[in-house]
Amino acid sequence: LRRQRQMCIRDSDGSSGGTGKTFDWSLLESSGELANILKNKDLIDAIGVQGHSFTIEKMTPNQMKFSLDQLGATDLPIYISELDIDAEGTNAENTQLTRYQNLFPVMWEHPDVAGITLWGYVKDHMWRETAYLVHGENIGANERPAMEWIKAYVNKKKSNLELEQE
């Protein structure tokens, strides 16, 4: 009997040894093993990993790709949930922009990543005080440079894909 809904394993505490931390990207081997066991028992259809700034901001693009490749070896689609990247330091806007420019393309273009969820984006309406991408709730609210870049990047990739399909 096949499930009517897809099941996704999303590690938010198990790989961190019960410390309450989010997904530990450095422990992907054990996470991949668990995912394979559950997949082989037909208990899961996908893998979810959190993308909080404090878990990924120090990663290089190569480290991100390596981590996604390890999870992708399970042949399960990967969903990046809770992506929020802090804007901090003396040039906060540029810090956030650079972090998105370095990591977002790796996630977006990875063949095994099936989706990315921004974990809040409106100032004063998300849990990370500096990670917001838009200054207000209204349509046309001022956007941070990182949001402008994300939109331009995704639209460019979409346009290129449409050209390739013609």
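Position 1 is the first residue of the sequence, and the numbers go up from there.
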Got a donor-acceptor contact below 3.5 angstrom from the [X] side chain to the [Y] backbone?
X: Thr74; Y: Leu76; answer: yes
X: Ser53; Y: Asp86; answer: yes
X: Gln96; Y: Ile85; answer: yes
X: Thr98; Y: Asn94; answer: yes
X: Lys123; Y: Leu133; answer: no

Flag the pair [X] / [Y] as yes when at least one side-chain heavy-atom distance between them is below 4.5 Å, and no otherwise.
X: Asp69; Y: His110; value: yes
X: Trp119; Y: Ser81; value: no
X: Leu103; Y: Ile56; value: yes
X: Glu88; Y: Arg99; value: yes
X: Leu68; Y: Val113; value: yes
X: Ile116; Y: Trp108; value: yes

Would a single hydrophobic cluster contain both Leu97 and Val154, if residues Ile, Leu, Val, Met, Phe, Trp and Tyr are joined by side-chain heavy-atom contacts under 4.5 Å?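 Yes, because Val154 and Leu97 connect within a single hydrophobic cluster, where side-chain heavy atoms sit under 4.5 Å apart.
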For the student: nearest non-hydrogen atoms of [X] and [Y], plus distance:
X: Gly136; Y: Ala141; answer: O-CB, 3.4 Å
X: Pro77; Y: Ala114; answer: CB-CB, 3.8 Å
X: Tyr100; Y: Ala146; answer: CD1-CB, 3.7 Å

Does [X] [atom1] have over 12 foreign heavy atoms under 6.0 Å away?
X: Tyr121; atom1: OH; result: no
X: Trp149; atom1: CH2; result: yes
X: Lys39; atom1: NZ; result: yes

Using a strict 4.0 Å threshold on nitrogen-to-oxygen distance, state whether Lys157 and Glu109 make a salt bridge.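 Looking at Lys157 and Glu109, the cut-off is met.
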Strictly below 4.0 Å, N to O, side chains only: are Lys151 and Glu143 in salt-bridge contact?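 Judged by the 4.0 Å cut-off on N to carboxylate O distance, Lys151 and Glu143 do form a salt bridge.
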When rounded to the nearest 0.5 angstrom, what distance separates [atom1] in [X] from [atom2] in [Y]?
X: Ile44; Y: Leu38; atom1: CD1; atom2: CG; answer: 5.0 Å
X: Ile150; Y: Arg144; atom1: CD1; atom2: CZ; answer: 11.5 Å
X: Asn138; Y: Asn142; atom1: CG; atom2: CG; answer: 11.0 Å
X: Lys156; Y: Tyr153; atom1: NZ; atom2: OH; answer: 9.0 Å
X: Ile47; Y: Ile78; atom1: CD1; atom2: CD1; answer: 6.0 Å

Which residue pairs satisfy the salt bridge (Lys or Arg N to Asp or Glu O under 4.0 Å) criterion with at least one member in residues 110-120, sequence neighbours excluded? none
Out of Arg128, His52, Gln50, which one pairs with Asp84 under the side-chain hydrogen bond (donor to acceptor under 3.5 Å, both in side chains) rule? His52
When clusters are formed from ILVMFWY side-chain contacts under 4.5 Å, directly or step by step, what else is grouped with Met126? Tyr132
